[in-house]
Amino acid sequence: MAEQRDDGKPGSEVEPAGSNTPAPPPPMDPAQLEEFRQFQQFQDYLRFTQSQQGNAPAPAPDAGVVQAPPSQPPVIPPGYQLVPAERRRAPKWVSWLGKKVIAWVLALVILGVAGTWLYNHFFPNDSGKTSAQLAQEGGGKYQTNHILSTSPYEAVREVYDAVAQNLVPQACGRMDEPIQQKFAQDLGYADCQVAVHELNRKVTNKNKYAESMPSYVSEPIPGDRFTISSCQFGIEGGPALGAFTVQKVEKGQWLITAHTNEPTPCPAPTPTTR
């Protein structure tokens, strides 16, 4: 008879077919384990820096992994370093153009300041000054300096030229101080400064107006004091300013010492030799 096998005996080594029991994992190399631990520390450090910058931190790893305390930044593991992101530099032509624009702006500002200073230096503001002060600024005192014309007709012509250019010191400074106020009142203005500004508004042709009065005439000068009539020469390009009495003063200069009105408009000029 065939021998029967008792599978139910104790100590039987027969295993059921189809068993799914997994084989135990092979042991991990200590070097690999250390590298994995360092990698986890590096991830912890990245999450910390992101939270400090206001960015959403990376998702936390498995709960079973021990995390670094949140209050202290994790230590960068050996063999790793943080490299800051390289800032993108602007193209060279953009930098060059920016420097040129800044240089031009600075140059324009400097030129503007210098131009304003030069204008105020050579053409000061006349507001708040009396006619006497403005006349004195025209060149000092005629008793000690050559500030007036040495031709009587040129002395009157310079008044017309100054009115055409709206230059108060040059216009009023050709007259004796008391006559400056009389000149203004004769023409219907408060003072000489106002008179020059308002008369300038009525000038339609500066060149013709300034040259209407001759610088000299061929006739002999009648004396050291005489009157020159504006109407005698036919003023063009602006209003006639009346008759001026000129007087010879120190250093051969001629000063306007009197003024009278003349008809407006002037009658036809009489023939004269200029």
Side-chain angles (χ1 to χ4, degrees), residues 53-54 83-151 154-177 179-181 183-184 187 189-215 235-239 241 250-251 253-256:
Q53 296 173 358
V83 180
E86 183 179 358
R87 296 181 60 183
R88 187 175 181 181
R89 302 180 61 182
K92 292 184 178 180
W93 68 269
V94 173
S95 302
W96 178 85
L97 183 61
K99 293 179 181 178
K100 289 294 182 181
V101 171
I102 293 175
W104 276 108
V105 170
L106 291 176
L108 290 176
V109 170
I110 294 173
L111 288 176
V113 173
T116 302
W117 182 86
L118 289 174
Y119 181 85
N120 292 332
H121 178 74
F122 291 103
F123 304 99
N125 190 357
D126 297 335
S127 59
K129 299 179 181 179
T130 64
S131 298
Q133 289 174 325
L134 293 171
Q136 196 171 33
E137 290 176 359
K141 296 182 179 181
Y142 65 84
Q143 291 90 342
T144 56
N145 299 315
H146 284 280
I147 62 174
L148 302 175
S149 175
T150 55
S151 166
E154 176 65 14
V156 177
R157 193 201 71 81
E158 287 177 344
V159 174
Y160 277 90
D161 181 69
V163 170
Q165 305 298 329
N166 200 23
L167 301 177
V168 174
Q170 287 78 357
C172 301
R174 302 292 178 260
M175 309 175 198
D176 196 13
E177 187 173 338
I179 303 306
Q180 297 174 22
Q181 186 65 26
F183 165 77
L187 298 178
Y189 301 105
D191 57 35
C192 189
Q193 177 182 353
V194 175
V196 172
H197 290 322
E198 294 301 321
L199 291 169
N200 173 262
R201 296 174 182 269
K202 300 179 181 180
V203 175
T204 58
N205 189 311
K206 293 182 179 181
N207 291 333
K208 286 186 177 181
Y209 190 66
E211 299 301 328
S212 295
M213 181 66 61
S215 299
I235 304 301
E236 299 179 2
L241 302 181
E250 287 84 353
K251 299 183 179 297
Q253 303 172 99
W254 289 85
L255 177 68
I256 297 174

Donor-acceptor check, side chain of Asp176 to backbone of Ile256, threshold 3.5 angstrom: yes or no?
no
Hey, does the side chain of Thr204 reach the backbone of Gly237 with a donor-acceptor pair shorter than 3.5 angstrom?
yes
Quick check for you: to the nearest 0.5 Å, what is the distance between [X] atom [atom1] and [Y] atom [atom2]?
| X | Y | atom1 | atom2 | value |
| --- | --- | --- | --- | --- |
| Asn166 | Leu199 | CG | CG | 9.5 Å |
| Ile179 | Cys172 | CD1 | SG | 12.5 Å |
| Met213 | Arg157 | CE | CZ | 10.0 Å |
| Tyr189 | Glu198 | OH | CD | 6.0 Å |

Which atom pair, heavy atoms only, marks the closest approach of [X] to [Y]?
| X | Y | value |
| --- | --- | --- |
| Val159 | Leu241 | CG1-CD1, 4.0 Å |
| Tyr209 | Ile235 | CE1-CG2, 3.6 Å |
| Ala210 | Asp161 | CB-OD1, 3.5 Å |
| Gly173 | Leu148 | O-CD2, 3.7 Å |
| Met175 | Ala171 | CE-O, 3.8 Å |
| Ala190 | Ala184 | C-CB, 4.4 Å |

If you apply the rule side chain to side chain contact (heavy atoms under 4.5 Å, CB included), what do you find for Val168 with His197, and how did you get there?
CA-CA 8 Å; Val168 174; His197 290 322; 3.5 Å; yes
Determine whether Gln180 and Asp191 satisfy the following criterion, side chain to side chain contact (heavy atoms under 4.5 Å, CB included), listing intermediate values before the conclusion.
CA-CA 7 Å; Gln180 297 174 22; Asp191 57 35; over 6 Å; no
If only side-chain N and O atoms count, and only distance matters, is there a donor-acceptor pair under 3.5 Å linking Ser215 with Glu154?
yes
Report the residues that fulfil side chain to side chain donor-acceptor pair (under 3.5 Å) with Glu158, sequence neighbours left out, ordered by chain and then residue number.
Arg174
Does Gln170 form a side chain to side chain contact (heavy atoms under 4.5 Å, CB included) with Gln165? I'd like the steps, not just the answer.
CA-CA 10 Å; Gln170 287 78 357; Gln165 305 298 329; over 6 Å; no
Verify side chain to side chain contact (heavy atoms under 4.5 Å, CB included) between Trp254 and Ser151, making sure each step is shown before the conclusion.
CA-CA 7 Å; Trp254 289 85; Ser151 166; 5.6 Å; no
